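Shown next, in structure tokens, is the structure this report addresses.
All figures in this text were calculated on a predicted structure; none of them were measured in a lab.
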Amino acid sequence: MEKILFIINPIAGKKAGKNIHQDIIRYLDTDKFKPHFKYSEYSGHISEITEHGLKKNYRAIIAVGGDGTVNETGRILVHSNIPMGIIPIGSGNGLARHLKIPLSVKNAIKLINKMHTLQMDAIRINNLYSFCVAGIGFDSEVSRRFQKMKARGLFSYIIACLRCFNQSKNQDFIVRTKEKEYRLNGFMMCFANASQFGNNAYIAPGADVSDGIIDLILLKKPSYLQIPLLAFKTLTGTVENHSLYSRIKGKAFEINQENDFAHLDGEPIKVGTKFTVSIEEKTLHVIC
């Protein structure tokens with residue numbers, strides 16, 4: 001039998017991860033695979049477990065959690081031959097939704113049993129990775145506030161958005177490519193590898209995780225009257241038709257912003273007022 005390592009975030013999805021190993025044992029094809037379980041205990045522990053797992057002879061390493069868990073696992077597995085699987089039990093599950101990985105634990109495990117893999121791209125911001133959507137501006141502030149909240153889930157994320165909205169404003173950005181310099185003003189800027197943030201909120205409809213392209217999205221701040229239509233278009237995958245929305249496609253950007261912060265797949269980080277964004281093509285094997 002081939003060994004599979006399941007890295008479980010026990011606080012993901014309102015603590016849905018605490019007893020999930022029972023479902024994994026129930027639905028995994030144990031004639032083919034032998035499961036090994038590790039639970040994360042502190043910030044950064046998932047990456048430590050993954051790094052240790054690279055030294056073992058695992059057939060695959062599975063991230064059991066949300067987009068933060070996926071990011072911590074994937075950043076270690078880039079440029080390796082070990083595929084990453086996802087059992088999505090987080091708040092948004094953006095990458096899993098984009099890859100059409102079932103949100104049902106049972107069906108996600110059945111997909112792992114098939115062990116079909118895709119080579120996907122990774123966005124590199126300075127020396128860190130994003131596999132779904134990274135960003136600066138408003139959504140970066142939301143991620144910082146959401147991280148501090150005790151309760152998780154969609155409702156808490158909406159509360160974080162509402163609290164940040166009044167405090168956030170359009171800011172100036174400078175975007176440089178090899179060919180051109182853009183001086184832009186907007187509410188938030190996203191760097192999309194996949195199509196959505198999570199919860200089927202599409203920021204880059206049509207984005208492809210294997211096309212070698214970054215979708216740079218600029219969104220200007222909406223008025224209160226514009227929010228319902230903007231939300232509708234985001235949830236229906238038609239946001240690119242909104243007047244506040246613009247997009248630049250490319251492989252590498254140099255960015256200047258007014259503050260120091262960003263988020264990588266929903267996890268807040270400090271990147272500085274000047275940083276680089278680039279694409280690393282087909283660098284991560286993922287089960288989908």
Side-chain angles (χ1 to χ4, degrees), residues 67 92 94 98 123 125 130 132-146 154 157-177 179-208 213-277 279:
D67 287 317
H98 176 92
I123 292 176
I125 296 183
S130 169
C132 191
V133 179
I136 54 179
F138 171 70
D139 57 335
S140 170
E141 295 302 314
V142 171
S143 70
R144 291 173 65 205
R145 185 177 290 269
F146 183 62
L154 178 59
Y157 188 79
I158 292 172
I159 294 298
C161 288
L162 293 174
R163 289 177 178 172
C164 288
F165 184 79
N166 288 333
Q167 301 169 7
S168 298
K169 60 182 181 180
N170 288 332
Q171 63 167 295
D172 293 324
F173 302 102
I174 300 174
V175 176
R176 297 183 182 89
T177 67
E179 299 81 20
K180 192 172 180 179
E181 177 178 292
Y182 301 84
R183 292 185 175 269
L184 306 172
N185 181 267
F187 184 47
M188 68 185 209
M189 181 178 289
C190 299
F191 313 103
N193 190 36
S195 58
Q196 62 168 280
F197 293 118
N199 292 303
N200 292 325
Y202 292 91
I203 190 63
D208 183 340
I213 296 293
I214 302 166
D215 285 49
L216 185 153
I217 310 300
L218 181 74
L219 194 67
K220 290 185 175 292
K221 186 172 183 177
S223 67
Y224 284 106
L225 292 176
Q226 290 173 311
I227 289 176
L229 178 59
L230 182 60
F232 173 78
K233 284 182 171 292
T234 301
L235 293 171
T236 56
T238 58
V239 66
E240 57 195 346
N241 297 324
H242 199 283
S243 60
L244 298 177
Y245 181 99
S246 59
R247 175 171 54 194
I248 303 168
K249 288 179 175 284
K251 292 182 177 291
F253 303 99
E254 185 181 276
I255 309 295
N256 284 74
Q257 64 166 338
E258 294 180 7
N259 60 41
D260 291 331
F261 299 102
H263 78 86
L264 303 179
D265 301 337
E267 300 299 309
I269 61 165
K270 193 171 184 178
V271 294
T273 57
K274 183 177 180 179
F275 59 94
T276 58
V277 184
I279 196 80

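You'll find the side chain of Asp139 stays beyond 4.5 Å of the side chain of Leu219, heavy atoms only. The shortest side-chain heavy-atom distance between Tyr224 and Phe165 falls under the 4.5 Å cut-off. In this structure, Glu267 and Asp265 have side chains that are not in contact, with every pair of non-hydrogen atoms separated by 4.5 Å or more. For the pair Phe275 and Gln257, the minimum side-chain heavy-atom distance is below 4.5 Å. In this structure, Ile213 and Ile279 have side chains that are not in contact, with every pair of non-hydrogen atoms separated by 4.5 Å or more. Within the 4.5 Å cutoff, the side chain of Arg247 has heavy atoms near those of the Glu240 side chain. For the pair Asn256/Thr273, no side-chain contact is recorded, criterion being any heavy-atom separation below 4.5 Å from C-beta on. The shortest side-chain heavy-atom distance between Pro205 and Thr238 does not fall under the 4.5 Å cut-off.
Side chain of Asn170 to backbone of Lys221: a donor-acceptor contact under 3.5 angstrom is found. Using modelled atom types, one side-chain atom of Glu258 and one backbone atom of Asp172 make a donor-acceptor pair closer than 3.5 Å. Checking side-chain atoms of Tyr245 against main-chain N and O of Ile203 turns up a donor-acceptor pair under 3.5 Å. Within the 3.5 Å criterion, the main-chain N or O of Phe261 finds a donor-acceptor partner in the side chain of Asn259. Of the possible polar contacts, one joining the Asp67 side chain to the Gly94 backbone as a donor-acceptor pair under 3.5 Å is found.
Between atom CD of residue Gln196 and atom CG of residue Leu235 there is a gap of 10.0 Å, rounded to the nearest 0.5 Å. Distance check: Leu218 CG to Phe173 CZ gives 6.5 Å after rounding to the nearest 0.5 Å. The distance from the OG atom of Ser168 to the CZ atom of Arg163 is 14.0 Å, given to the nearest 0.5 Å. Phe191 CZ to Ile217 CD1: the interatomic distance, rounded to the nearest 0.5 Å, is 10.5 Å. Going from atom CD1 of Ile214 over to atom SG of Cys190 covers 13.0 Å, rounded to the nearest 0.5 Å. One finds the CD1 atom of Ile136 at 5.0 Å from the CE atom of Met189 (value rounded to the nearest 0.5 Å).
When every heavy atom of Thr177 is checked against every heavy atom of Tyr182, the shortest pair comes out as CG2-CE1, 4.3 Å. Shortest non-hydrogen contact noted between Ile123 and Ala192 is CD1-C, 3.7 Å. For the pair His98 and Ala207, the tightest heavy-atom approach, listed with the atom from each and the gap, is CE1-O, 3.1 Å. The minimum heavy-atom distance linking Ala194 with Ala204 is given by the pair O-CB, 4.0 Å. Shortest non-hydrogen contact noted between Ala134 and Ile125 is CB-CD1, 3.5 Å.
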